[in-house]
Q: 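Structure provided below as structure tokens; questions to follow.
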Amino acid sequence: MSLVLDVRDATKVYGAGETAVHALRGVSLQVEPGDYVAIMGASGSGKSTLMNIIGCLDVPSAGRFHLDGVDVGALDDRRQAVVRNRKIGFVFQSFNLIPRMTALANVELPLAYGGVRPAERRRRALAALELVGLADRVNHQPNELSGGQQQRVAIARALVNSPALLLADEPTGALDSTSTLDVLGIFDRLSAAGRTIVVITHEADVAEHAKRVVRLRDGRIVEDIRLAPVDGLPPRLREVTA
Amino acid sequence: MSAVEIVRFAVRGLAANKMRSALTTLGILIGVAAVILLVAVGEGSSQSIQRNIQQLGANTLTVSSSTGGGGGGFRMARPQQDSGPRTQARPLTVDDARALADRTAAPHVSSVSPVVSAASRAASYDGASHTVQQVVGTYPSYFEASNKPVAKGTYFFNDDVLAARKVVVIGQTVAENLFGTLDPVGRQITITGVPFTVVGVLKEAGASGGFQDADDVAIAPLPAVQQSLTGFGPLNQILVKAGSADDVAAAQAEITAVLDQRHGVGGAVAADYQILNQATLQETVSAATSTFTVLLAAVAAISLLVGGIGITNIMLVTVTERTREIGIRKAVGAPRGAILGQFLVEATLLSLIGGLLGVAVAMTGAQFTIAGITPVVVPSSVVLALGVSVAIGLFFGSYPANRAAKLRPIEALRFE
Ligand SMILES: Nc1ncnc2c1ncn2[C@@H]1O[C@H](COP(=O)(O)OP(=O)(O)O)[C@@H](O)[C@H]1O
Ligand SMILES: [Mg+2]
């Protein structure tokens, strides 16, 4: 079976000489389609660095990296933009919505850059917002939405292009407990629907939602535990349905 | 990602910061309007000066002394006259004028008017007084040769010249200042205390574009002016009218021959007079006015450049301020070209809108008289100003836009 994500021996060094920081010291990670992976680790262990590389936002110092069968490092700038657009949906801790643009416009953004026609774009963006339960907030701007709502808009934006991989860097880090549950519920349902998800978190209760937990320490993977089979339901949903 | 889409993003970007966009636009607006208006003013004044020269009459030649006596003096008609020794420069005299009027020696000359003039003389009538810019003493043929028709009353005649009668034809400005609404014809005015009877009023020559008011004149018989104002010294000029436009060159040659002979010019002796015709005068003046126009345009171009720097500045600020937004756009898959396009279109829109408004303002401004000059909009200046403003937007916008487009997504997202 082809892997959605195949990272081999990735390293990342920030800076040079004496002040160089080795954020990743040889990380290898394979993710199969449909898996729901939580990456855990203390602050500064290199989680975000790894995530940014997987999301094509940054480049590794060394190592190879295939996304959905494509060697991303070998792509030129324009093709990397296409990969970011089609294959990856990224959810940030700080939402990163564009201010003064409505929720709908924010969600339409990846489709606009993907060259989708306006009518189709609107239909799909509305569907994505519906999926995260924000059908009644489509014309609100980010500053008119609560943190939880903003994060749900961001998830809708990440999903709207049906990416091969949904990445989230501490998506609940800035949210209260109710909103956290909303967001985790959405992820559970997405996972149940077959989406491949990688979530960064340092909270154990968030990691409990994943099918697999990977632990990072000082730029290395120190633990890799499977909580549920790849092709089953995520653990929390299984409990509910059982 | 279509071009329409990029333009829409750019418009949204500009609308998000209306005040700033408006002020940047204003910078370009002022630059473009200044270029168009100043060039229009330059062109307007040049045209009005040309019109004044044409009023001299097309077939007229002005002979003046080159020893500092005569008026005019824009350009030497004979280049060799500055070289060589000179025994004694002879002034122009009434006898010179008579010699030029000789039909056999100068068959292409149709009339000759000797001219003396006195500048800034006080005239008064019944308590009202006015300083006349120029009092001219001449022959009746002067009116035709210098293209000064009479609107009211008559010219003076040869009899008046022979009898040295104190009669005068005055310009509109003099008439208005001395008489107001009264009819000046037949009334007696005094010029520096000497009484003159007004026999006619000249037709208005119109705005004269800055040099001097062509309507502020008084014209009287030559001996009358010599007796009372200038004395019987040399003439200031001799106005010669050729039979037709085609005769001007021949007439000029005849005048040269006659005067060379009378003044002993030739061989090593340089000419002590100069002949100006309308064509050479026009050339000289248009060279001078185009320099003037170029200077005005240069000043305006600087303000356009300043507007361009304003655009660069604003685009730099915009890009810096929106670095995070750029990061977000890149993270969701915006290619470099789309980011570059968006910021370039933003800069170009700013300058294009500013440019178009500038054209509108300049067109409106050109409807009014500016500093006594009716501006004449030069179409090429409009095209140029607009083109330059758009080019400025593209050129000055491309640096910040490029910087934005080249950022790696993570660098842009981390930017505080
Ligand atoms: N842009 C950067 N420049 C220099 N050092 C960095 C940069 N980003 C992260 N680091 C360092 O790399 C290490 C890993 O950081 P990060 O991946 O953000 O950790 P985590 O997300 O697990 O908290 C930390 O020591 C951090 O200080
Ligand atoms: Mg982090």
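In what follows, chains carry the letters A, B, and so on, assigned in the order in which the sequence lines appear, proteins first and then strands, with residues in each chain numbered from 1. Because the structure is a prediction, the values reported are computed rather than measured.
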Q: Under 6.0 Å from the CZ atom of A/Arg122, do we count more than 12 heavy atoms belonging to anything else shown?
A: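 No, CZ of A/Arg122 has 12 or fewer neighbouring heavy atoms, counting only those of other groups under 6.0 Å.
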Q: Report, in residue-number order, which members of residues 89-98 of chain A are under 4.5 Å from chain B by heavy-atom distance.
A: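 When heavy atoms of chain B are the reference, residues 89-98 of chain A contributes A/Phe92, A/Ser94, A/Asn96, A/Leu97, A/Ile98 within the under-4.5 Å range.
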Q: With a 4.5 angstrom heavy-atom cut-off, could you sort out which part of A/Ala158 is near chain B: side chain, backbone, both or neither?
A: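 Neither part; nothing is under 4.5 Å.
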Q: Return all side-chain donor-acceptor pairs below 3.5 angstrom for residues 10-21 of chain A, not counting sequence neighbours, or 'none' if the list is empty.
A:
{"from": "A/Thr11", "atom 1": "OG1", "to": "A/Ala62", "atom 2": "N", "distance (Å)": "3.4"}
{"from": "A/Lys12", "atom 1": "NZ", "to": "A/Asp58", "atom 2": "OD1", "distance (Å)": "3.4"}
{"from": "A/Lys12", "atom 1": "NZ", "to": "A/Val59", "atom 2": "O", "distance (Å)": "2.8"}
{"from": "A/Tyr14", "atom 1": "OH", "to": "A/Thr49", "atom 2": "OG1", "distance (Å)": "3.2"}
{"from": "A/Tyr14", "atom 1": "OH", "to": "B/Arg414", "atom 2": "NH2", "distance (Å)": "3.3"}
{"from": "A/Thr19", "atom 1": "OG1", "to": "A/Ala16", "atom 2": "O", "distance (Å)": "3.2"}

Q: Please report the closest heavy-atom contact between B/Gly333 and A/Tyr113, naming both atoms and the distance.
A: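 Closest approach of B/Gly333 to A/Tyr113: O-CB, 3.8 Å.
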Q: Which atoms of B/Arg329 are under 4.5 Å from chain A, going by heavy atoms: the side chain, the backbone, both sets, or neither?
A: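 Answer is both: backbone and side chain atoms of B/Arg329 are under 4.5 Å from chain A.
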Q: Shortest non-hydrogen contact from A/Leu57 to B/Leu413?
A: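 Minimum heavy-atom separation between A/Leu57 and B/Leu413: CD1-CD1, 4.1 Å.
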Q: With a 6.0 Å cut-off (strictly less than), is the heavy-atom count around CD of A/Glu130, excluding the residue itself, greater than 12?
A: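 Incorrect, the count does not exceed 12.
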Q: Could you go through residues 137-144 of chain A and list every donor-acceptor pair under 3.5 Å that involves a side-chain atom there, pairing it with any protein atom two or more places apart or in another chain?
A:
{"from": "A/Glu144", "atom 1": "OE1", "to": "A/Gln141", "atom 2": "N", "distance (Å)": "2.8"}

Q: I'd like to verify something: which residue of B/Ala331, B/Ala15, B/Pro409 has the highest number of heavy-atom pairs under 4.5 Å with chain A?
A: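 Highest number of pairs under 4.5 Å: B/Pro409.
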Q: Quick check on A/Arg157 against chain B: is it the side chain, the backbone, both or neither that has a heavy atom closer than 4.5 Å?
A: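 The answer is the side chain of A/Arg157.
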Q: I need the contact set between residues 68-82 of chain A and chain B: heavy-atom distance under 4.5 Å, sorted by residue number.
A: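 Under the 4.5 Å heavy-atom cut-off, A/Asp77, A/Ala81 qualify.
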Q: Does B/Glu5 come within less than 4.0 Å of A/Arg121, counting only side-chain N to carboxylate O?
A: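 Counted as a salt bridge, because a side-chain N and a carboxylate O are separated by less than 4.0 Å.
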Q: B/Val332 pairs by side chain to side chain contact (heavy atoms under 4.5 Å, CB included) with which of A/Asn161, A/Val160, A/Leu109?
A: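 With B/Val332 as partner, A/Asn161, A/Val160, A/Leu109 yield a single side chain to side chain contact (heavy atoms under 4.5 Å, CB included), made by A/Leu109.
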Q: Heavy-atom distance under 4.5 Å between the side chains of B/Lys330 and A/Asn85, does that happen here?
A: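 They are not in side-chain contact.
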